[in-house]
Visitor: 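Below you will find the structure I want to go over with you.
So you know, we letter chains A, B, ... as the sequences are listed, proteins then strands, and number each from 1. Because only heavy atoms are used, hydrogens play no part in the values below, and waters and symmetry mates are left out as well, while side chains stay in. All values reported here derive from a predicted model rather than from experimental measurement.
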Protein chains: 2
Amino acid sequence: MELDARKLEILFAIIENYQETGEPVGSRTISKLDRLNLSPATIRNEMSDLEEMGLIVQPHTSAGRIPTDKGYRLYVDRMLADQAKKAEEPRDLPALPMQDLLTRRIDRVEEMLLKMAQILAANTNYTTMVTGPHSRKSKLKFLQLSPMDKGRILAVVVLSGDIVKNNILTLDEEVGSDELMELNFILNKRLTGLSLEEINLSVISGLKNEAGDHVEVVSKVLDAVAETFAKEDSYPVYTSGAPNIFRYPELTGGDRASELISTLEEKKTLGSAIGSLTSPAGSRQDIQVYIGDEVPVESMKDCSVVTATYSLGDGVQGKIGIIGPKRMNYQKVVDTLQETMSHLDGIFLQTEE
Amino acid sequence: MELDARKLEILFAIIENYQETGEPVGSRTISKLDRLNLSPATIRNEMSDLEEMGLIVQPHTSAGRIPTDKGYRLYVDRMLADQAKKAEEPRDLPALPMQDLLTRRIDRVEEMLLKMAQILAANTNYTTMVTGPHSRKSKLKFLQLSPMDKGRILAVVVLSGDIVKNNILTLDEEVGSDELMELNFILNKRLTGLSLEEINLSVISGLKNEAGDHVEVVSKVLDAVAETFAKEDSYPVYTSGAPNIFRYPELTGGDRASELISTLEEKKTLGSAIGSLTSPAGSRQDIQVYIGDEVPVESMKDCSVVTATYSLGDGVQGKIGIIGPKRMNYQKVVDTLQETMSHLDGIFLQTEE
DNA sequence: TGTTAGCACTCGTCAGGTTAGAGTGCTAAC
DNA sequence: GTTAGCACTCTAACCTGACGAGTGCTAACA
């Protein structure tokens with residue numbers, strides 16, 4: 001069977017109507033549309049064909065049609081292709097209230113990401129998740145040891161991409177202020193600019209030689225550094241708008257709501273799931289759309305997820321995901337994500353200059 | 001009407017049965033209990049009296065009884081009083097898996113608190129919330145300026161209670177490494193040990209005099225310090241076990257689940273609400289029980305909340321709250337919180353030594 | 001006087017039946 | 001190829017009656 005232009009138009013009309021109402025769409029509803037001036041009977045014939053092609057289904061005999069995953073997939077692919085073509089055209093979305101993000105007082109990228117997740121959730125009425133910035137090839141920018149109390153020092157570790165982590169180290173030996181500065185100097189000289197892999201045994205033994213008496217401090221600092229790198233690998237995850245799932249009855253029936261909320265609370269699972277996502281079907285830019293079963297998280301098989309990869313330069317990057325029902329407004333979500341990306345780029349460039 | 005021992009026993013039997021089943025309790029159920037060998041008819045008479053006293057109600061004419069807020073309040077007060085008396089007795093609860101918390105690698109108190117919230121939620125099957133450590137009279141312990149890139153420095157601010165915050169400052173002027181160290185020294189000399197109130201105009205102008213050319217740096221650092229104090233006031237809040245509310249149908253009917261989850265996600269509202277709680281009825285130790293309407297959060301009027309105040313010394317303290325249905329197992333929750341508190345004390349003492 | 005057995009009564013739940021309406025597929029005519 | 005008409009199907013909503021849990025009241029009992 002052939003999928004001609006009219007069938008496509010009808011399919012898309014069904015999808016868009018279903019997106020708005022959440023109810024199965026009948027032939028009468030479609031026939032009322034002006035652009036394809038057709039009687040319900042004709043629509044019914046076409047619908048029957050579309051069903052045969054696996055693009056729509058009836059929940060039960062005397063009901064209207066709803067799109068299948070395959071139907072959505074067709075719709076989304078077409079949409080993304082269209083968008084790629086006319087990417088130049090100005091689009092007039094209501095501007096996101098992202099101004100706040102531009103404030104100079106971004107002390108932690110993480111805070112900004114969380115805020116971004118909140119803005120996205122509020123604007124789309126879906127649930128958002130954002131993985132913290134992350135890099136396979138991040139390097140040690142510098143570290144800073146400061147005396148705190150008797151027997152305790154504060155070690156601040158800074159990685160490329162401005163990932164900062166504080167470690168309070170408890171020492172058995174006493175280290176004087178001057179000695180600490182000396183150590184600080186040595187450690188930075190030896191370690192600055194190295195990645196985790198590059199801090200190998202020879203570097204370490206060289207360091208320990210040079211450190212003289214203060215082997216304990218050095219090894220604890222090294223532990224802290226290793227842990228910072230490791231933590232960086234563990235994808236911190238921020239979510240927002242979890243309660244939005246209650247807007248969509250198809251996501252809250254049975255235990256679904258509970259399972260979804262649980263998944264969102266288990267940030268770790270979520271983080272590695274979203275982190276493992278890679279472009280399946282070659283799609284536009286960094287934006288990926290996963291529909292129903294394509295989502296690699298069991299409890300989200302009734303959802304669709306749209307992800308985008310943001311990049312803060314230096315190879316530091318992370319993912320933003322928007323989770324909604326399969327009938328989510330893909331167009332709006334993709335547009336919104338795209339706008340968010342350009343904002344992020346703007347912020348990044350500004351910081352960089 | 002008088003509340004004799006037998007009435008009390010029946011009331012408590014009703015409460016405990018209702019806690020287990022979540023179903024209204026009938027007279028037959030109670031009469032089956034061995035300890036008060038009574039016929040259903042007698043129980044009915046007593047129940048009728050209890051209802052007149054406002055301690056129990058019937059959801060509808062031909063149903064069993066469920067406790068009222070007043071009934072729970074009586075039960076809880078009695079329980080807390082009992083517990084105070086026999087506080088010495090060893091209690092054999094299944095030990096909480098708190099060992100993890102004892103690990104030395106507590107780089108941030110916050111992480112430990114989150115983990116604690118998770119353990120509590122998993123063990124009680126209720127929802128937990130924990131406010132971050134917080135102090136009205138916290139002081140600046142020290143600060144540390146480090147050069148980062150061209151035009152940017154990292155300012156680490158440490159408050160009493162080991163509250164550490166990083167601030168990346170973007171400067172218009174260029175500051176050399178030596179000058180930065182000098183500034184570092186001056187700032188620490190002038191500011192260390194002061195609380196927010198004590199950093200007044202005269203301190204600031206003195207500082208600016210001494211700083212010479214680098215007024216910009218000083219004022220930006222002061223902003224960062226002020227913000228750290230302010231942030232400290234804003235109660236970070238961790239929650240865990242939100243999905244547990246789905247275990248209790250009385251909390252998930254209608255829009256209740258959605259509202260509860262929303263409230264939990266709005267950490268800020270939650271923080272100030274839980275922060276504002278003060279001991280209403282004088283109760284045992286630091287543990288407070290709020291039942292139904294006593295909870296100062298609109299969406300939690302169908303819940304009970306048990307809170308405990310933890311203290312990390314130096315006046316630094318925070319609150320733990322356990323949120324569950326009104327029929328929650330108060331005994332278990334109070335015991336568990338008490339055990340957690342002693343664990344925390346243990347950790348704190350160990351860190352201090 | 002407190003306790004208990006018996007009984008009529010109330011009310012919510014559940015299964016079964018009915019109805020109205022939405023939507024379809026098919027057929028025949030245009 | 002399109003459309004009108006019609007019989008058919010299925011769900012949701014509503015009603016109904018039977019059932020059972022639980023009560024309150026009364027009268028008898030220890």
Side-chain angles (χ1 to χ4, degrees), chain A residues 1-11 13-15 17-18 20-68 71 249-250 253-254, chain B residues 1-11 13-15 17-18 20-68 71 249-250 253-254:
Chain A
M1 183 139 352
E2 211 184 334
L3 190 63
D4 56 20
R6 196 173 74 179
K7 282 194 173 49
L8 255 184
E9 188 133 17
I10 292 174
L11 172 63
I14 293 172
I15 290 179
N17 188 287
Y18 185 60
E20 283 167 32
T21 65
E23 299 286 314
V25 185
S27 54
R28 260 181 64 81
T29 314
I30 299 297
S31 82
K32 275 184 206 137
L33 293 178
D34 291 340
R35 54 185 158 151
L36 25 75
N37 198 18
L38 291 171
S39 80
T42 312
I43 304 290
R44 281 205 286 281
N45 289 331
E46 297 288 41
M47 279 178 158
S48 182
D49 291 350
L50 287 169
E51 181 155 16
E52 210 173 305
M53 286 185 260
L55 297 170
I56 54 179
V57 279
Q58 289 180 282
H60 55 85
T61 326
S62 73
R65 307 306 215 282
I66 61 175
T68 61
E250 64 263 48
Chain B
M1 179 138 356
E2 213 183 335
L3 189 65
D4 57 19
R6 197 174 72 178
K7 282 192 173 50
L8 214 54
E9 187 131 20
I10 291 174
L11 172 63
I14 292 172
I15 291 178
N17 188 288
Y18 185 61
E20 284 167 32
T21 65
E23 299 286 312
V25 185
S27 54
R28 259 180 64 83
T29 313
I30 299 298
S31 83
K32 274 183 204 138
L33 293 177
D34 290 341
R35 55 184 157 151
L36 23 75
N37 199 17
L38 291 171
S39 80
T42 312
I43 304 289
R44 279 204 288 279
N45 289 331
E46 297 288 41
M47 279 179 161
S48 183
D49 292 350
L50 287 171
E51 181 155 15
E52 211 174 305
M53 284 185 263
L55 297 170
I56 55 179
V57 279
Q58 290 181 280
H60 54 84
T61 327
S62 73
R65 307 305 215 282
I66 62 175
T68 61
E250 64 264 48

Visitor: Output all residues satisfying side-chain hydrogen bond (donor to acceptor under 3.5 Å, both in side chains) with B:Thr68, sequence neighbours left out; order by chain, then residue number.
Guide: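 side-chain hydrogen bond (donor to acceptor under 3.5 Å, both in side chains) check on B:Thr68 returns nothing, list empty.
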Visitor: Can you tell me the distance, in whole Å, between the CG atom of A:Leu36 and the P atom of D:dT3?
Guide: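 Going from A:Leu36 (CG) to D:dT3 (P), I get 11 Å.
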Visitor: Can you tell me the distance, in whole Å, between the CZ atom of B:Arg65 and the P atom of D:dA21?
Guide: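 In whole Å, D:dA21 P lies 17 Å from B:Arg65 CZ.
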Visitor: Among residues at least two apart in sequence or on other chains, which ones pass salt bridge (charged side-chain N to carboxylate O under 4.0 Å, His left out) with A:Arg28?
Guide: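 With neighbours one apart ignored, the set is empty.
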Visitor: Which pair of heavy atoms, one from B:Tyr18 and one from B:Pro67, lies closest together, and at what distance?
Guide: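 Answer, listing the atom of B:Tyr18 first, then B:Pro67: CD2-CD, 3.5 Å.
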Visitor: Not counting sequence neighbours, list each pair that qualifies as a salt bridge (charged side-chain N to carboxylate O under 4.0 Å, His left out) and has a residue in residues 37-47 of chain B.
Guide: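 Sorted pair list: B:Arg6-B:Glu46, B:Lys7-B:Glu46.
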Visitor: With a strict under 4.0 Å distance from non-hydrogen atoms of chain B, what nucleotide opens and what nucleotide closes the contacted stretch of DNA chain C, reading 5' to 3'?
Guide: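 Endpoints of the contacted stretch of DNA chain C: C:dT3 to C:dG12.
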Visitor: Across the strands shown, which category fits B:Ala41 at heavy-atom distances under 4.0 angstrom: base, sugar-phosphate, nothing?
Guide: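 Answer is base: heavy atoms of B:Ala41 come under 4.0 Å of a base.
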Visitor: Taking C-beta and beyond as the side chain, do A:Leu38 and A:Ser31 meet within less than 4.5 Å on heavy atoms?
Guide: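 Sidechains of A:Ser31 and A:Leu38: no contact.
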Visitor: In chain order, what residues pass the side-chain hydrogen bond (donor to acceptor under 3.5 Å, both in side chains) check against A:Thr42, with sequence neighbours excluded?
Guide: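 In terms of side-chain hydrogen bond (donor to acceptor under 3.5 Å, both in side chains), with neighbours along the sequence ignored, A:Thr42 is linked to A:Ser39.
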Visitor: To the nearest 0.5 angstrom, please state how far the CD1 atom of A:Ile43 sits from the CD1 atom of A:Ile10.
Guide: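 These two atoms lie 4.0 Å from each other.
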Visitor: Atom CD1 in B:Ile14, atom CD1 in B:Ile66: separation rounded to 0.5 Å?
Guide: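 Here the rounded value is 11.0 Å.
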Visitor: With sequence neighbours left out, what residues match A:Glu23 under side-chain hydrogen bond (donor to acceptor under 3.5 Å, both in side chains)?
Guide: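 Partners of A:Glu23 by the side-chain hydrogen bond (donor to acceptor under 3.5 Å, both in side chains) criterion come out as none, since no residue qualifies.
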Visitor: Would you say B:Leu33 and B:Glu9 make side-chain contact, with heavy atoms under 4.5 Å?
Guide: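 Answer no - side chains too far apart.
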Visitor: Assign a letter to each nucleotide of nucleotides 8-16 of chain D from its 5' end: B, base within under 4.0 Å of a protein heavy atom; S, sugar-phosphate only; -, no contact.
Guide: -BBS-----
Visitor: Could you pull out the protein-nucleic contacts involving nucleotides 28-30 of chain D (nitrogen or oxygen on both sides, under 3.5 Å)?
Guide:
none

Visitor: Check DNA chain C for consecutive Watson-Crick or G-U pairs with both distances under 3.5 Å and list the runs of at least three as stems.
Guide: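 Looking at DNA chain C, the stems formed by three or more consecutive pairs are C:1-30 with D:1-30.
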Visitor: Taking only residues two or more places apart in sequence or in another chain, which ones pass side-chain contact (heavy atoms from CB on, under 4.5 Å) with A:Asn37?
Guide: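 A:Asn37: no side-chain contact (heavy atoms from CB on, under 4.5 Å) contacts found.
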Visitor: Within residues 42-50 of chain A, which residues have any heavy atom lying less than 4.0 Å from an atom of DNA chain C?
Guide: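 DNA chain C contact set from residues 42-50 of chain A: A:Arg44, A:Met47.
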Visitor: Could you give the side-chain donor-acceptor pairs of residues 52-65 of chain B under 3.5 Å, partners two or more places apart or in another chain?
Guide:
unit_1	atom_1	unit_2	atom_2	d
B:Gln58	NE2	B:Thr61	O	2.7
B:Gln58	NE2	B:Ala63	O	3.0
B:Arg65	NE	B:Glu51	OE1	2.8
B:Arg65	NH2	B:Glu51	OE1	2.9

